[in-house]
Amino acid sequence: METHMKKLFAAFVLAAALPFHTTGQHTGRVFIDSNNNGQYDPGEKVLRGIAVSDGLHVVQADATGTFTLPGHTGERFITVTTPSGYYAPANYYQPIEDTTGSYNFALRPVTGKIGTKGDHSFIQITDTEISGMKGNERWTNDLRQYAANEQVAFIIHTGDICYEKGLQAHIRLMNTGNMGRPVYYCIGNHDLVAGPYGEALFESMYGPVYYSFEAGNVHYVVTPMPNGDFPPSYTQEQVANWLRNDLALVPAGKPVVMFNYDLLSQDDTFLFPAGSSRPIELNQHNLTAWLFGHWHINYMKQQGNVLAISTSTVDKGGIDHSTSAYRLLRVDRQGKLQSELRYSYIDPLLQIASVANHTAPVLPGGSVPLVVNSYASTTSIQSLTYSCRTGNTIRLKKKPLTRQTDWSWYAVIPFTPKDTGKEIEITVEANLADGTTATTTASFVYQGYTSGRLPFGDDWCNLLGNPQHTGSIVNPSGNGTPSLVWII
């Protein structure tokens, strides 16, 4: 997969802006490339009913896997709507060139997991706005490893890559070959740059700015930002004309999810503008979600039957002070999405939070609550267990903790008054989805439960001890080392 992508990138990065064409018919075939040679060989399985487009017209391959497109003024690409479970290693698009006799799409099974009922997951990132590869390797590696560990079906970047340097670097940093699964890109306002037309550089490396693909039972559609730093060559009417033809071949009731750089609507009605023509009523096409970027915040809102989702940045966090993160979307057979934010730059974390300064809080019945925080950027935490010993005596061994949140796990450790004054050691083990484990320990002296209200002394003078911030941090009450007496 990676070799194909490198060859494709090398060709595209040297390409000038794609010329407009006024041409005749375009033909080709869609097939499964069983011997991985990139060519159709007799006996290889053809795929019928797969949608193929010239950027305006959309047709389906016939029983022999072949298709014919009429062509149109301004055409630049032939694209295939890759079916669920497959990808095109030489890419899902081919530039239209006068010397190309046939536009064949050799498909292979995709790495990402598609459930037997069509359930799957994908990752959204957005607004990375990089200026080069340096300094971006860590979050990319985190993303790559997590996608492999969780077997996500594809990755989508919803725009602002950004400017010339960002566009040139990002495709090297993250593409279908080096991420091990299909990677798709939207064009954002800062991706429309100087050139023959705003999207020329984007097209030369990332391909068409509007296209569709499928995963599970869902039809996914990418549409472009209508305007940006430099004017695009496309119009809303041209995009809408293609979109009508694309959606016309989607079976009634099939869920549709759309990607764009901005939110189309803030109410329950999603009307895709079409210039002087009638807008497209996306609600009539079973639109279930609209994913976008641009806002640099984490945002989710149910707008009628459509879930609107924006995500902060994976590399540096958002303007809402959210930390760096990407979004994992789990999709069921009805096309309904469940979201989980995944945080970058965190090596496997395992921390016992309810033991501090050699003490632990005690519940009224004498038990000790055990709270553990655990997280990893590259994989999920499958389970946590704890063991408890007093000296050389093992009291409890590998007892389960219950997940409370994305980070926090909880258990209650039983004790009796006979344990008062004893040194207790807790060992926690985390089992990660990638097959690795992590352990940590903490100890405390069990003191039993103390009833009554907590005694409060004088205020602690933090910020260096006084209003001038020149003193030292002290406890005016002189009570010595503080003890942890409660947790939430």
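Counting from 1, the numbers follow the sequence of the chain as shown.
For the pair Asn217 (side chain) and Arg333 (backbone), a donor-acceptor distance under 3.5 Å is present. Of the possible polar contacts, one joining the Asn149 side chain to the Thr378 backbone as a donor-acceptor pair under 3.5 Å is found. With Asn91 contributing its side chain and Tyr93 its backbone, the two residues share no donor-acceptor pair below 3.5 Å. Side-chain atoms of Ser344 come within 3.5 Å of backbone N or O of Val314 as a donor-acceptor pair. A distance-only check finds no donor-acceptor pair linking the side chain of Asn245 to the backbone of Val58 [under 3.5 Å]. No donor-acceptor distance shorter than 3.5 angstrom exists from the side chain of Ser265 to the backbone of Phe270, with no hydrogens or angles considered. Under the 3.5 Å distance criterion, the side-chain polar atoms of Asn104 are left unmatched by any main-chain donor or acceptor of Gly28. Formation of a donor-acceptor pair under 3.5 Å by the Thr359 side chain with backbone atoms of Ala356 is found in this model. Without hydrogens or angle criteria, Glu237 side chain to Thr235 main chain gives no donor-acceptor distance under 3.5 Å. The backbone N or O of Ile381 sits less than 3.5 Å from a side-chain atom of Arg403, completing a donor-acceptor pair.
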request  = Run the numbers on Arg76 and Ser233 for side chain to side chain donor-acceptor pair (under 3.5 Å), then give the verdict.
outcome  = CA-CA 12 Å; Arg76 296 196 190 122; Ser233 68; 2.9 Å; yes
request  = Begin from the C-alpha positions of Asp229 and Val193 and carry the test side-chain contact (heavy atoms from CB on, under 4.5 Å) through to its verdict.
outcome  = CA-CA 6 Å; Asp229 296 352; Val193 299; 6.0 Å; no
Evaluation steps, side-chain contact (heavy atoms from CB on, under 4.5 Å), between Val209 and Tyr234 = CA-CA 9 Å; Val209 296; Tyr234 54 82; 3.8 Å; yes
task = Could you go through the side-chain contact (heavy atoms from CB on, under 4.5 Å) check for His294 and Asn189 one step at a time?
result = CA-CA 9 Å; His294 199 31; Asn189 59 303; 3.7 Å; yes
ask   = Can you list the steps and then say if Thr385 with Lys399 is a side-chain contact (heavy atoms from CB on, under 4.5 Å)?
value = CA-CA 5 Å; Thr385 60; Lys399 297 296 182 180; over 6 Å; no
key: Intermediate values then yes/no, ring-ring contact (aromatic ring centres under 6.0 Å, His included), His358 and Phe444   = CA-CA 4 Å; His358 211 50; Phe444 62 94; 7.9 Å; no
task = Test Tyr326 against Asp142 for side chain to side chain donor-acceptor pair (under 3.5 Å), laying out the working first.
result = CA-CA 10 Å; Tyr326 55 92; Asp142 286 351; over 6 Å; no
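Between Val52 and Val30 there is a side-chain heavy-atom pair separated by less than 4.5 Å. The closest side-chain heavy-atom distance from Val152 to Arg181 is below 4.5 Å. Contact check for Trp290 versus Asn260: side-chain heavy atoms found under the 4.5 Å cut-off. A 4.5 Å side-chain heavy-atom check between Ile123 and Tyr146 finds at least one atom pair inside the cut-off. Counting only heavy atoms from C-beta outward, the side chains of Val428 and Leu384 approach each other to under 4.5 Å. In this structure, the side chains of Leu287 and Asn305 stay at 4.5 Å or more apart for every pair of heavy atoms. Considering only heavy atoms from C-beta on, Tyr211 stays 4.5 Å or farther from Phe77 through its side chain. In this structure, His120 and Lys113 have side chains that are not in contact, with every pair of non-hydrogen atoms separated by 4.5 Å or more.
With 3.5 Å as the limit, one finds a donor-acceptor pair spanning the side chains of Ser34 and Glu44. A side-chain donor-acceptor contact under 3.5 Å links Tyr197 and Glu203. Ser380 and Glu150 share a side-chain donor-acceptor pair at under 3.5 Å. Looking only at atom types and distance, the side chain of Asp434 has a donor-acceptor partner in the side chain of Thr436 under 3.5 Å away. A side-chain N or O of Gln124 and one of Thr311 form a donor-acceptor pair less than 3.5 Å apart. If you check the side chains of Trp242 and Ser53, you find a donor sitting under 3.5 Å from an acceptor. Side-chain atoms of Ser324 and Asp315 form no donor-acceptor pair, as typed in the model, at a separation below 3.5 Å. Side chain to side chain, His170 and Thr128 meet the donor-acceptor criterion of an N or O pair below 3.5 Å. A donor-acceptor contact closer than 3.5 angstrom is absent between the side chains of Thr427 and Thr441.
To the nearest 0.5 angstrom, Gln334 atom CD is 10.0 Å from Asp119 atom CG. Atom NE2 of His190 and atom CG of Asp160 lie 5.0 Å apart (nearest 0.5 Å). Taking CG of Leu349 as the reference point, atom OG of Ser374 lies at 6.0 Å (rounded to 0.5 Å). One finds the CG atom of Asn283 at 7.5 Å from the CD atom of Glu281 (value rounded to the nearest 0.5 Å). Taken to the nearest 0.5 Å, the CD atom of Glu429 stands 8.0 Å off from the OG atom of Ser387. For the atom pair Met258 CE and Leu247 CG, the distance stands at 6.5 Å (nearest 0.5 Å).
In this structure, Tyr299 and Trp295 have perpendicular ring planes: the angle between them is above 60°, well past the 30° mark.
Tyr220 has its ring centre less than 6.0 Å from the ring centre of Phe154. Aromatic ring centres of His157 and Tyr185 lie closer together than 6.0 Å. In summary, the aromatic rings of Trp139 and Tyr345 are positioned with their centroids too far apart to meet the 6.0 Å limit. Ring centroids of Phe259 and Phe292 are separated by 6.0 Å or more, keeping the two rings apart. Aromatic ring centroids of Tyr343 and Tyr375 lie under 6.0 Å apart.
A side-chain contact (heavy atoms from CB on, under 4.5 Å) with His285 is found for one member of Asp246, Val250, Val221, Ile280 and no other, namely Ile280. Of the candidates Leu107, Thr176, Val183, Thr82, Tyr87 forms a side-chain contact (heavy atoms from CB on, under 4.5 Å) with just one, namely Thr176.
Salt bridge Arg138/Asp347: present, at least one basic N to carboxylate O contact under 4.0 Å. Salt bridge Glu340/Arg327: absent, no basic N to carboxylate O contact under 4.0 Å. In this structure, Glu129 does not pair ionically with Lys316, as no charged nitrogen and carboxylate oxygen lie closer than 4.0 Å.
Counted within 6.0 Å of CD on Gln382, heavy atoms from surrounding residues, nucleotides or ligands total more than 12; the atom is thus considered enclosed. By the neighbour-count criterion of 12 heavy atoms within 6.0 Å, atom NZ of Lys254 is densely surrounded, having more than that number from other residues, nucleotides or ligands. Environment of CD in Gln302: crowded, with over 12 heavy atoms of neighbouring residues, nucleotides or ligands closer than 6.0 Å.
For the pair Arg29 and Tyr40, the cation sits on the ring face: its NZ or CZ lies under 6.0 Å from the ring centre, inside 45° of the axis.
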